[in-house]
Amino acid sequence: MALKFDVFYKMDAYYREKRRLGLQVGGASSTGSCTDQEKSFLLQFLAGLSEDGGLAVSWRNDTDCCTWEGITCGTDATITEISLASKGLEGHISPYLGNLTGLLHLNLSHNSLSGELPLEELVSSSSIVILDVSFNHLSGALKELSAHTTIRPLQVLNISSNLFAGQFPSTTWKVMNNLVALNASNNSFVGQIPSSLCINAPSFAVLDLSFNQFGGSIPLDISNCSMLRVLKGGHNNFHGALPDELFNASSLEYLSFPDNFLNGVLDDANIIKLSKLSILDLEQNMFSGKIPKSIGQLKRLEEFRLGENKLYGELPSTLGNCTNLKILDLKFNNLSGELGKIDFSSLSNLTTIDLLVNNFSGTVPDSIYACTNLIVLRIARNNFHGEFSQTMNRLRSLVFLSVADNAFTNIRSALHIFKTFRKLKMLLIGGNFKNEVLPEEETIDGFENLQHLSISGSSLYGKMPVWLSKLTNLEKLHLYDNQLTGSVPVWIKNLNFLLHLDITNNNFTGEILTTLIQLPVLKSKKMVSILNERVSKIIVCSGSRHQLLMGPATLNIGRNGFTGVIPPEIGQLKALDMLDLSYNSFSGEIPQEICNLTDLEMLDLSNNNLTGTIPSELSKLHFLSAFNVSNNDLEGPIPTGGQFGTFDNSSFDGNPKLCGPMISRQCNSAKAIPTPGFYAYNFSVNIFGITVGLFFALGVLLDQMLLSRLGYFASSSSSNNSKLTMPNLCLVLALILFSASSISCCTDHERNCLLQFLAGLSQDGHGGLAASWRHGTDCCSWEGITCSSSSSSSTASKAVTITDVLLASKKLEGSISPALGRLPGLQRLNLSHNSLSGGLPAEIMSSDSIVILDISFNLLNGDLLDSPSSSSSSASGRRIQVINVSSNSFSGRFLSSSWKEMENLVVLNASNNSFTGPMPTFFCIRSSSFSMLDLSYNHFNGNVPPEIGNCSSLRMLKADHNNLSGTLPDELFNVTSLEHLSFPNNGLQGVLDGAGIIKLRNLVVLDLGFNMFSGNIPDSIGKLKRLEEIHLHHNSLAGELTPAIGSCTNLKALNLGSNNFSGELGKVNFSKLSSLKSLHVSYNSFNGTIPESVYTCSNLNALQLSFNKFHGQLSFRIANLKSLTYLSLAENSFTNISNTLQILKSSRDLTTLLIGGNFRDEEISDDKTIDGFENLKVLAMENCPLFGNIPIWISKLKNLEMLFLFNNHLSGSIPVCISTLNSLFYLDLSNNSLSGEIPAELTEMPMLRSERVTSHLDIKIFELPVYTGPSPKYFTVSDFPAVMILENNNLTGVIPTELGQLKALLSLILGYNNLHGEIPETILDLTNLEILDLSNNHLTGTIPADLNNLNFLSELNVSNNDLQGPVPTGGHLDTFPRSSFDGNPRLCGHILDQDCDDPVVVDAPQGSSRQGGYKVIFVIAFGALFGVGFLRTTEAGSNK
């Protein structure tokens, strides 16, 4: 996982480090109280909030507002800073904040503030320098400021990740002469890049306009941006060529315009001008021509992304001169020639080579194998040939290898080479080794970390080799399209994580099913969560994007020679999404137990010898989207109702004894088998499962876009990280299922309706629709259109009508035409995952024919139904069953009149919008079959309505992240069909009533976290036998845990953290919870010892017991937890650290170990027998305080990334062996008694020398420690930059000059030691440095004037040394407080009010000495430029 630091994380890190030094954030301590006027301005802001995140507790009228939470005052008691990021604020931003005349920094980011931004009022302040309102729900247009407005000091403006729309301002920037950075990404702005930015702001350095709807060409005036360093305009509608003037911006380091419509060629003479370029990203455009030879002169280039263009020709040999290159991405072009012309041996920093789908030929050059840091190598779908060289085994870091669809030979030799790649997780080698024999010898070992193996499409002979049985981490196995024979061996059932097996189109024989039904992971209903915790992700190329996804649970064994019956035990494979048994010789009946596969989306039993009837209970498989039993010997009536009304008659062909209206063959005696009343509605479930899948997605489209940057890729088909969130795959299945050959053409009326829709689009997906949707052609053949025929009862003729418009993920922009609602036979309309805007036409919602409507993940706004009365249909005529409007910008209230005709509604997903008002429940009154409702991530308020009790068929109810209050009504517990109840992140309160809880016997997931519930957990919880997840964290629950929890034998996740529980855990018999994978009880008041029964939970992955009152020694039985990856015992009273380490070293899978705040005053063990911990990435033993030296055994932790040993009494020198920890990027040894010099060897740590820190930590890591005061505070891993903290020790000697090699460092803290000598000039090479603390040492000499060149430096402290000479002025150094330089009597300058003997003050370089200061923090405010995530997704991940 690449660590990307957005505003929130960078600012947090900044403030945390300040607090560590005992400084007041924002400046020196104030000497008085704030004025009544300033206090009133703040209180007016507070009054405008509908949710204040607890501010009211601190913001009291009778106290000094300088002491209020989030407020910082200067020495004169004037408010200088308001920092309220991530406080859960809702409401509007008061314009009165602009009246605070001393306000310098305003940070309201990462909240849920809505309404317009009072930009004019805020910047009317003559003082504000940094304004950050990113990651909110602000909307409307950004108001233009008059060009005659007084010049403003604003330098940093971050409005990213909001809902702003309309024309981007142009005159506003003319009054912002001091602007340095502007981030307007992830909004809906239109128009062109304003040309006045650089003309009026000569210091302008950072511009991010990505993820908007900007259009036009890139303006020529960009050449005026002489200081521009970052220019990002990706994911917009820019077109035309890159102007020559752009290349005059020679200061550019980051140039990014992916996913636009740019064209032209890359000119040699221009490229050479950008000599400072580190990142060039122009992928997903229409560039043509050759890659210029001058690219080799960009010596600082690290990322070169030109994938998905129209480039051709050979790669220039000069590419080998880009010696800092780390990522080379040229996939999906027409490049050709041999790679051997490039000397890859000079590119030692390369981590990724992606050449997928080109025309390269020849052999793979040996010089590539000199790139020993390669993690990803993808050369699939080219024309390479020959054998793989033995020198390839040098690629020891390789994680992903895809060489599929070339002409490689000698599979035996290849496998023996590949087995040496111990870190390899994905190996895709299919489409090579044609007609060879698949080797079976057991000497093929290794591959211990392999998760995905594909050897498909090679026509290989032989049997399934036994060496596959050793791949114990394997999750996906693709052997399809070969000529393998024999039976599938019994050992395949021992592959505990295998969830996707595809051996289609081979010559296997035997009775395979008795073996396959024993696959463990397919029996687990929650297998997706298992693999999530293993961080098992599959990286695929899906269309124009790379996605990091999890595939569906699949058994594809079609087109073989398997025999026998389908055993009834097939019903145990609860996790299956897809089952294909077609084209075999299975016999017997379809077992009734197959109806237990409730997650099944595709079932193909065609072309076998099956007999008997089709089970009517198959109608209860709600997610089934493809069904085929053709060409068997089935008999009897085809079930009617439910999904069977949507399947094409080809699904049943070739069964002459079947009868029913579907195949126009009447049954002689028996009527068609009806499904139960609950399902007797025409479900059209083929997209039902797709829509419902989105209920489990808490992110938005931008998160999927960001995933494409995570560095692992594959060329397999698209999938998703949940069985239900795979729209592309399911839509393809649905399209196949419903695409029947049309006998006649569509009508002129239908064609005109479609063309009206096309005319309303401003962008139709790179012109793709216009190429297909042409006048004079049959619209049934148009892209995304499906027609179906229906027989007339009176004639043999067939009428054809449009039934499906499926245009998901087509990059459509513009409005939705009402004409689509006038298609008389339209049943399924899917326009999801586009950029459509405007409102939703009432004609669509009032359609008499539409059954499934999916417009999710667009930019639609306004009220959901503007004209409900426009429908002319009768109340009984509305067929719509599934509505998915999630992830748009809809607002307003849900009105009952709008839904009164929805009598057939089954599913509604309205999540991730801005709906307001009370929570609606009238769906249940109108539709007795209503079963799924998702209202999460909106602004619903008020109580949970008692009318919810009318939803007698409701199975899923999600309303998390709203403003709901009050108690859960008793009526809710009458909905006994509920399986998923989720209300986290609201303001709900009251107690959990035992009499109510016991009624929800079908409940699988209960999530009430982040509310205000109190009281005990009721004993009746133990009656919920199906319960798998309990999330009650962050409430006010108290008392002892009820032993009844031990009766929830299916429980997998128990999260009770951050409550007031007490007593001993031993009252719960955990030995009954054999399925438990996550136990989180941190931040409570539990006492006693850890109960022994916990150690019987052998499937436990995460155990969090920190911040309680546990005591005693750790039991040796914890070694039974073989699957444990995360263990947090911090801040308890455990003893005997030596014994603890000896026990835990046997936990081979452990990646995170947090044991600080225990073992008081013990001696840290230096026992050399402490080994193991080979997978440990985070080790925290802070705040104990421990005695002794830093132990040598730490040097054995080769995968360690973060080491926390602060706040102990450790002595001796810093061991040199720490420098051998190649993955370490965070080192905190502060507040100890370490002595000696700083070892120069520390400067050899690879992760700190790399300018881009990459962590392999699980993104689900829950907490990591940072000391912020009396006790450590815990944060998620994404909070952590590359840091070296050695302060408050007894270190001596000089600061090593080699420190300048640690390019990745963001914080270097060496204060409070006994260092002497001068500040080395090489420290200026730390160009990413944000915090530099050298205070309280014995340093001499002058302060280097070129510190101004450290553009990201936000804090500098050199106080209390013996420095001399003038304090440099200008640039960053003007923004630091006097306290940064105090205690150096020989320093002089205006900031110290001490004149220098020399009247000439040392100035910073001219280009940096602009007026206005505080540019120092512009990169902190713009960390988001390098990674735009949606905070809500992050919160959802961290809360669970």
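Throughout, numbering of the chain's residues begins at 1 and tracks the sequence. No hydrogens, no waters, no symmetry mates; every other heavy atom, side chains included, goes into these values.
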TODO: Taking the side chain as every heavy atom from C-beta outward, state whether S402 and L356 have any pair of such atoms under 4.5 Å apart.
DONE: no
Task: Contacts of T1049 that satisfy side chain to side chain contact (heavy atoms under 4.5 Å, CB included) - sequence neighbours left out - done: K1072
Task: Min side-chain heavy-atom separation L495-L501 under 4.5 Å - done: no
Open item on the list: List the residues meeting side chain to side chain contact (heavy atoms under 4.5 Å, CB included) with D580, not counting sequence neighbours, and say none if there are none.
Closed with: N556, S582, M602, D604
Task: F447: partners by ring pair (Phe, Tyr, Trp, His ring centres under 6.0 Å), with sequence neighbours left out - done: none
TODO: Could you give me the CA-CA distance, side-chain angles and deciding distance for K331 and R381, then say whether side-chain contact (heavy atoms from CB on, under 4.5 Å) is met?
DONE: CA-CA 10 Å; K331 62 183 177 293; R381 299 178 65 182; over 6 Å; no
Task: Exam field: side chain D599 to backbone L576, donor-acceptor pair closer than 3.5 Å - done: no
Task: Heavy-atom side-chain proximity of L573 to L579 below 4.5 angstrom - done: no
Open item on the list: My understanding is that only residues two or more places apart in sequence, or in another chain, count here; which of them pass side chain to side chain contact (heavy atoms under 4.5 Å, CB included) with T509?
Closed with: none
Task: Separation between OG of S1098 and NZ of K1077, rounded to the nearest 0.5 Å - done: 8.5 Å
Open item on the list: Working to the nearest 0.5 angstrom, can you tell me the gap between L415 CG and F433 CZ?
Closed with: 7.0 Å
- [ ] Report yes or no: does N632 contribute a side-chain atom to a donor-acceptor pair with the main-chain N or O of N608 at less than 3.5 Å?
- [x] yes
TODO: Evaluate the side-chain proximity of N496 to P520: yes if any heavy-atom separation is below 4.5 Å, no if none is.
DONE: yes
- [ ] Please report the shortest heavy-atom distance between T504 and R559, naming the atom on each side.
- [x] CG2-CB, 4.3 Å
Open item on the list: Whether the side chain of N655 engages the backbone of L634 through a donor-acceptor N/O pair (distance < 3.5 Å, no angle test) should be reported.
Closed with: yes
Task: Side-chain (N1099) to main-chain (S1074) donor-acceptor, under 3.5 angstrom - done: yes
Open item on the list: Taking the side chain as everything from C-beta on, heavy atoms only, tell me whether H416 gets closer than 4.5 Å to T443.
Closed with: yes
- [ ] Taking N560 for its side chain and N506 for its backbone only, find out whether a donor-acceptor pair lies under 3.5 Å.
- [x] yes
Task: salt bridge (Lys or Arg N to Asp or Glu O under 4.0 Å) evaluation trace for R412 with E436 - done: CA-CA 9 Å; R412 174 174 281 100; E436 296 185 20; over 6 Å; no
Open item on the list: Can you give me the closest heavy-atom contact between P489 and M464, atom names plus distance?
Closed with: CD-SD, 3.8 Å
Task: Spacing of CD1 belonging to I492 relative to CD belonging to Q518, to within rounding of 0.5 Å - done: 11.5 Å
- [ ] Mind checking the CG-OH spacing from L477 to Y480? Nearest 0.5 Å is all I need.
- [x] 11.0 Å
Task: P656 versus R665, closest heavy-atom pair with distance - done: O-NH1, 3.4 Å
Task: L460 vs I411, side-chain contact (heavy atoms from CB on, under 4.5 Å): CA-CA, chis, key distance, verdict - done: CA-CA 10 Å; L460 294 171; I411 188 173; 3.9 Å; yes
Open item on the list: Applying side-chain hydrogen bond (donor to acceptor under 3.5 Å, both in side chains), can you list everything that pairs with E511, at least two apart in sequence or on another chain?
Closed with: none
- [ ] Could you walk me through whether R1026 and N1002 pass the side-chain hydrogen bond (donor to acceptor under 3.5 Å, both in side chains) test, one step at a time?
- [x] CA-CA 6 Å; R1026 297 183 61 190; N1002 289 308; 3.2 Å; yes
Open item on the list: Assess, by modelled atom type and distance only, whether the side chains of D481 and N505 contain a donor and an acceptor separated by less than 3.5 Å.
Closed with: yes
Task: Cationic N near anionic O, under 4.0 Å, D633 to K657 - done: yes
Task: Shortest non-hydrogen contact from C667 toward G660 - done: SG-N, 3.7 Å
Open item on the list: Among residues at least two apart in sequence or on other chains, which ones pass side chain to side chain contact (heavy atoms under 4.5 Å, CB included) with Q483?
Closed with: N435, S459, Y461, N507
TODO: Drop me the distance from N596's CG to I570's CD1, to the nearest 0.5 angstrom.
DONE: 11.0 Å
Task: Which residues share a side-chain hydrogen bond (donor to acceptor under 3.5 Å, both in side chains) with E448, sequence neighbours left out - done: R422
Task: K419/D445 salt bridge by N-O under 4.0 Å criterion - done: yes
Task: Closest non-hydrogen atom pair, L450 against M426 - done: CD1-N, 3.8 Å
TODO: Could you note down all residue pairs passing salt bridge (charged side-chain N to carboxylate O under 4.0 Å, His left out) where residues 490-506 supplies at least one of them, sequence neighbours left out?
DONE: none
Open item on the list: Checking F562 now: which residues fulfil ring pair (Phe, Tyr, Trp, His ring centres under 6.0 Å) with it, not counting sequence neighbours?
Closed with: none
Open item on the list: Would the distance check show the side chain of N406 and the main-chain N or O of N383 forming a donor-acceptor pair, the cut-off being under 3.5 Å?
Closed with: yes
Open item on the list: Go through it in stages, so that I can follow the logic: the residues are K470 and E442, the test is side-chain contact (heavy atoms from CB on, under 4.5 Å), and I'd like the CA-CA distance, side-chain angles, deciding distance and then a yes or no.
Closed with: CA-CA 9 Å; K470 303 175 184 178; E442 294 191 30; 4.0 Å; yes
Give every donor-acceptor pair under 3.5 Å between a side-chain atom in residues 586-594 and any protein atom, sequence neighbours left out.
none

Open item on the list: Under the rule for salt bridge (Lys or Arg N to Asp or Glu O under 4.0 Å), what residues qualify as partners of K463, not counting sequence neighbours?
Closed with: none
- [ ] Evaluate the side-chain contact (heavy atoms from CB on, under 4.5 Å) criterion for residues F388 and I429: first the C-alpha distance (whole Å), next the side-chain angles of each, then the deciding distance (0.1 Å), finally the verdict.
- [x] CA-CA 12 Å; F388 290 100; I429 59 175; 5.9 Å; no
TODO: Answer whether the closest heavy-atom distance between the side chains of L513 and L581 falls below 4.5 Å.
DONE: yes
Open item on the list: Can a donor-acceptor pair be found, under 3.5 Å and without considering hydrogens, that links the side chain of T1125 to the backbone of D1149?
Closed with: no
Task: Interatomic distance, N432 atom CG to T409 atom OG1 [nearest 0.5 angstrom] - done: 9.0 Å
- [ ] Just jot down the side-chain hydrogen bond (donor to acceptor under 3.5 Å, both in side chains) partners of S630, sequence neighbours excluded, or say none.
- [x] N628
Task: Side chains of I557 and V488 in contact at under 4.5 Å (non-hydrogen atoms) - done: no
Open item on the list: Side chains of N482 and L438, heavy atoms from C-beta outward: is any pair under 4.5 Å?
Closed with: no
Open item on the list: To check you understand the geometry: which heavy-atom pair defines the closest contact between H452 and L474, and what is its length?
Closed with: N-CD1, 4.0 Å
